[in-house]
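Have a look at the structure below, then the notes.
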Amino acid sequence: YLGIKYVSSCSSGTAALHLSLLGLGIGPGDEVIMPSLSYIATANAVSYVGATPVFIDVDISTWQIDNRLVEKKITKNTKAIMPVHLYGGVPDLKSIQKIAKKYKVKIIHDSAEALGSKYNNQNSTNFNDVSILSFFPNKVITTGEGGAVCTNNKKLYDSIEKFKSHSLKGSVEYL
C-alpha cells in the first residue's frame, strides 16, 4: 500500500523517530530542522540522541513547515530536516528534497498523522530518506500503540533492525 521496500515495526511513533535518527548516525553536536508546530515527541527524539532541534515556523495557510525559512537555519551542524506531515496534511516535499540535496542533509519524515496522505499522487511516506508512522489511539489507524519506520534503503533498514533488537537476530546472538 505504501510503496515502501522496508518497514520496521516498533513500540511507538517516538521510538520510530528515535530509531531513524540512530540509523542515520545523528548524534551529539548535530542539528535537526523541524517545524515549531508538532507534538513534543518530534523534538524529544532529537534530544534522545544528543542532537539539537532547530525550530522553523509553519506556513499559516497549510500548517506545514515553512520551506522558505529552512535554508536560513541550515548550518555546518545541520544533519537532517524533519518535516511533520501534520493533521494528514503534507508539506511541499519537492522543495524539501531540493534543499536537502543542495546541503547534503537527510530527511526524516514525521508522518505519524499522515498514513494514506498523498503528495503528487505518491504516498507521502514514500520519500527519501526515511519516514515514520504512529499507531497511537488518535492516529489514522490504531493498534493501541506502536509505530513503524519506512524506508527504501536496505542499509538503513538493517541498521534500524539491529538497534531495535539490541543486535539480536533470531537464534544468532549479537551480530
Side-chain angles (χ1 to χ4, degrees), residues 6-59 62-87 89-93 95-115 117 124-125 127-136 138-139 145-151 153 155-164 166:
Y6 309 103
V7 177
S8 180
S9 62
C10 55
S11 61
S12 68
T14 305
L17 287 168
H18 189 192
L19 287 165
S20 297
L21 290 156
L22 289 171
L24 290 171
I26 295 171
D30 296 338
E31 296 175 349
V32 179
I33 294 174
M34 66 186 59
S36 57
L37 180 60
S38 181
Y39 186 63
I40 191 67
T42 309
N44 281 348
V46 173
S47 296
Y48 295 161
V49 298
T52 302
V54 176
F55 298 103
I56 301 288
D57 279 335
V58 295
D59 182 318
T62 65
W63 293 24
Q64 304 299 317
I65 192 168
D66 189 337
N67 292 338
R68 298 169 298 182
L69 304 175
V70 172
E71 283 190 90
K72 294 175 184 175
K73 292 286 189 163
I74 291 179
T75 71
K76 63 180 176 62
N77 296 323
T78 304
K79 297 297 184 264
I81 302 168
M82 188 181 287
V84 176
H85 303 209
L86 193 63
Y87 305 131
V90 181
D92 178 358
L93 301 181
S95 175
I96 292 169
Q97 285 182 314
K98 185 177 177 181
I99 294 167
K101 184 176 181 179
K102 178 178 178 180
Y103 293 96
K104 297 181 172 102
V105 298
K106 300 296 184 183
I107 305 171
I108 303 166
H109 297 274
D110 182 342
S111 308
E113 297 182 351
L115 179 62
S117 294
S124 69
T125 53
F127 284 82
N128 58 319
D129 292 284
V130 62
S131 63
I132 69 93
L133 295 169
S134 174
F135 306 118
F136 192 72
N138 67 339
K139 300 304 189 266
E145 187 57 274
V149 180
C150 308
T151 185
N153 181 322
K155 184 177 175 183
L156 177 58
Y157 170 78
D158 289 342
S159 177
I160 287 166
E161 286 291 297
K162 285 181 183 179
F163 281 118
K164 181 175 84 172
H166 304 283

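Any value given below was found using the heavy atoms of this structure, including those in side chains, with hydrogens, waters and symmetry copies removed.
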Run the side-chain donor-acceptor check on residues 15-22: report pairs under 3.5 Å with partners two or more places apart or on a different chain.
residue, atom, partner, partner atom, Å
Ser20, OG, Ala16, O, 2.8

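In this model, a donor atom of one side chain and an acceptor atom of the other lie less than 3.5 Å apart for Ser124 and His85.
Residues Lys164 and Ser9 are in side-chain contact: their nearest non-hydrogen atoms beyond the backbone lie under 4.5 Å apart. Counting heavy atoms from C-beta on, the side chains of Gln64 and Asp59 never come closer than 4.5 Å. With a 4.5 Å cut-off on side-chain heavy atoms, Asn67 and Ile96 count as touching. Thr78 places none of its side-chain heavy atoms less than 4.5 Å from the side chain of Val54. Counting heavy atoms from C-beta outward, Val105 and Ile33 have side chains that stay 4.5 Å or more apart. Side-chain contact between Leu86 and Glu113 is present, with heavy atoms from C-beta onward closer than 4.5 Å.
Looking only at distances, a side-chain donor or acceptor of His109 sits under 3.5 Å from a matching main-chain atom of Asn128. A donor-acceptor contact shorter than 3.5 Å is absent between the side chain of Glu31 and the backbone of Ile74. Checked by atom type and distance alone, the side chain of Asp30 pairs as donor or acceptor with a backbone atom of Gly27 at under 3.5 Å. The backbone N or O of Ile107 lies less than 3.5 Å from a partner atom in the side chain of Asp129, making a donor-acceptor pair. Using a distance-only test at 3.5 Å, with no hydrogens or angles considered, a donor-acceptor pair links the side chain of Ser131 to the main chain of Thr125.
Applying the ring pair (Phe, Tyr, Trp, His ring centres under 6.0 Å) test to Phe136 and every residue at least two apart in sequence or in another chain returns nothing.
When all heavy atoms of Gly13 and Ile132 are compared, the closest pair comes out as O-CD1, 3.9 Å.
Identified under the side-chain hydrogen bond (donor to acceptor under 3.5 Å, both in side chains) test for residues 44-58, with sequence neighbours left out: none.
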